[in-house]
Student: 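This structure is in structure tokens; I'll ask about it shortly.
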Amino acid sequence: QVQLVESGGGLVQSGGSLRLSCVASGSGFTFTYLTMSWYRQAPGKERELVASNTNYADSVKGRFTISRDNAKNTVYLQMNSLKPEDTAVYYCNAHFRSSFVTINAWGRGTQVTVSS
């Protein structure tokens, strides 16, 4: 079982930066085997993939960077040149799939609000 806790959200002005963190804990997994991703969901919209591995949503390419520190069981999302359209709850996801085992864990989310 994997538990994920996000942090680093908050209120920032347009053009500013934030770094989100997600720490994984629990048992029955090896962190290096997990695919870690960031999603976000704005009010009235469906949850969308923001970044995973080297893949980014078109709306954030060139502004956001995903990275991980396996020694700390942590994945980061560096968010630069933030826009009001980036306002959403950001969720961390951990995924692993084999023939018999599936892990698909979500954090509770962290709010990012970008003001004009």
Student: So, taking the atom named CD in Gln111 and the one named OG1 in Thr87, what distance separates them when rounded to the nearest 0.5 Å?
Tutor: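 Spacing of CD (Gln111) from OG1 (Thr87) equals 7.0 Å.
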
Student: How close do Tyr91 and Arg108 get, counting heavy atoms only, and between which atoms?
Tutor: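 Smallest interatomic distance, heavy atoms only, reads CE2-O, 3.3 Å.
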
Student: Atom CE of Met36 and atom CG of Asn73: how far apart are they, to the nearest 0.5 Å?
Tutor: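 The CG atom of Asn73 is 8.5 Å from CE of Met36, to the nearest 0.5 Å.
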
Student: What about Phe29 and Val75, same hydrophobic cluster or not, with Ile/Leu/Val/Met/Phe/Trp/Tyr joined at side-chain heavy-atom distances under 4.5 Å?
Tutor: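 Phe29 clusters together with Val75.
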
Student: Output a table of donor-acceptor pairs, distance under 3.5 Å, between side-chain atoms of residues 46-61 and any protein atom two or more places apart or on a different chain; print 'none' if there are none.
Tutor:
unit_1, atom_1, unit_2, atom_2, d
Glu48, OE2, Arg40, NE, 2.7
Glu48, OE2, Arg40, NH2, 3.3
Ser52, OG, Ser37, OG, 2.7
Tyr56, OH, Ile66, N, 2.9
Asp58, OD1, Lys61, NZ, 3.1
Ser59, OG, Arg40, NH2, 3.2

Student: Nearest 0.5 Å, what's the CG-CD distance between Asn93 and Glu6?
Tutor: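 Asn93 atom CG to Glu6 atom CD measures 10.0 Å (nearest 0.5 Å).
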
Student: Strictly distance-based, threshold 3.5 Å: is any side-chain N or O of Thr30 a donor or acceptor partner for the main-chain N or O of Tyr33?
Tutor: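 No; judged by distance alone, with no hydrogens or angles, the pair does not exist.
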
Student: About how many Å separate OG of Ser25 and CG of Leu4, when rounded to the nearest 0.5 Å?
Tutor: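 Answer for the CG-OG pair, Leu4 versus Ser25, is 7.5 Å.
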
Student: So which residues get pulled into Tyr76's cluster when ILVMFWY side chains under 4.5 Å apart are joined, directly or through others?
Tutor: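 Cluster partners of Tyr76: none, it stands alone.
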
Student: Give me the atom names and distance for the closest heavy-atom approach of Ala94 to Val2.
Tutor: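 What the structure gives for the nearest pair is CB-CG1, 4.4 Å.
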
Student: Quick one: do Leu18 and Leu82 satisfy side-chain contact (heavy atoms from CB on, under 4.5 Å)? Show the steps, please.
Tutor: CA-CA 8 Å; Leu18 287 172; Leu82 283 162; 4.1 Å; yes

Student: Can you tell if the side chain of Pro84 reaches within under 4.5 Å of the side chain of Ser116, non-hydrogen atoms only?
Tutor: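 Yes, at least one pair of side-chain atoms sits under 4.5 Å.
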
Student: For Ser7 and Ser21, what are the C-alpha separation, side-chain angles and deciding distance, and is it a side-chain contact (heavy atoms from CB on, under 4.5 Å)?
Tutor: CA-CA 5 Å; Ser7 63; Ser21 299; 3.8 Å; yes

Student: Would you list the pairs meeting ring pair (Phe, Tyr, Trp, His ring centres under 6.0 Å) in which at least one residue belongs to residues 92-116, sequence neighbours left out?
Tutor: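 Qualifying pairs: Tyr39-Trp106.
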
Student: Rounded to the nearest 0.5 Å, how far does CZ of Phe31 lie from NZ of Lys72?
Tutor: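 Answer for the NZ-CZ pair, Lys72 versus Phe31, is 12.0 Å.
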
Student: Taking atom types as modelled and ignoring hydrogens, do the side chains of Asn80 and Ser17 form a donor-acceptor contact shorter than 3.5 angstrom?
Tutor: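 Distance-only check passes for Asn80 and Ser17.
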
Student: Is any side-chain heavy atom of Thr32 closer than 4.5 Å to one of Leu34?
Tutor: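 Leu34 vs Thr32: side chains apart.
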
Student: Which atom pair, heavy atoms only, marks the closest approach of Gly28 to Ile103?
Tutor: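 Heavy atoms only, the tightest pair is O-CD1, 4.3 Å.
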
Student: Taking atom CZ of Arg68 and atom SG of Cys22, what is their separation to the nearest 0.5 Å?
Tutor: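 It comes to 10.0 Å.
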
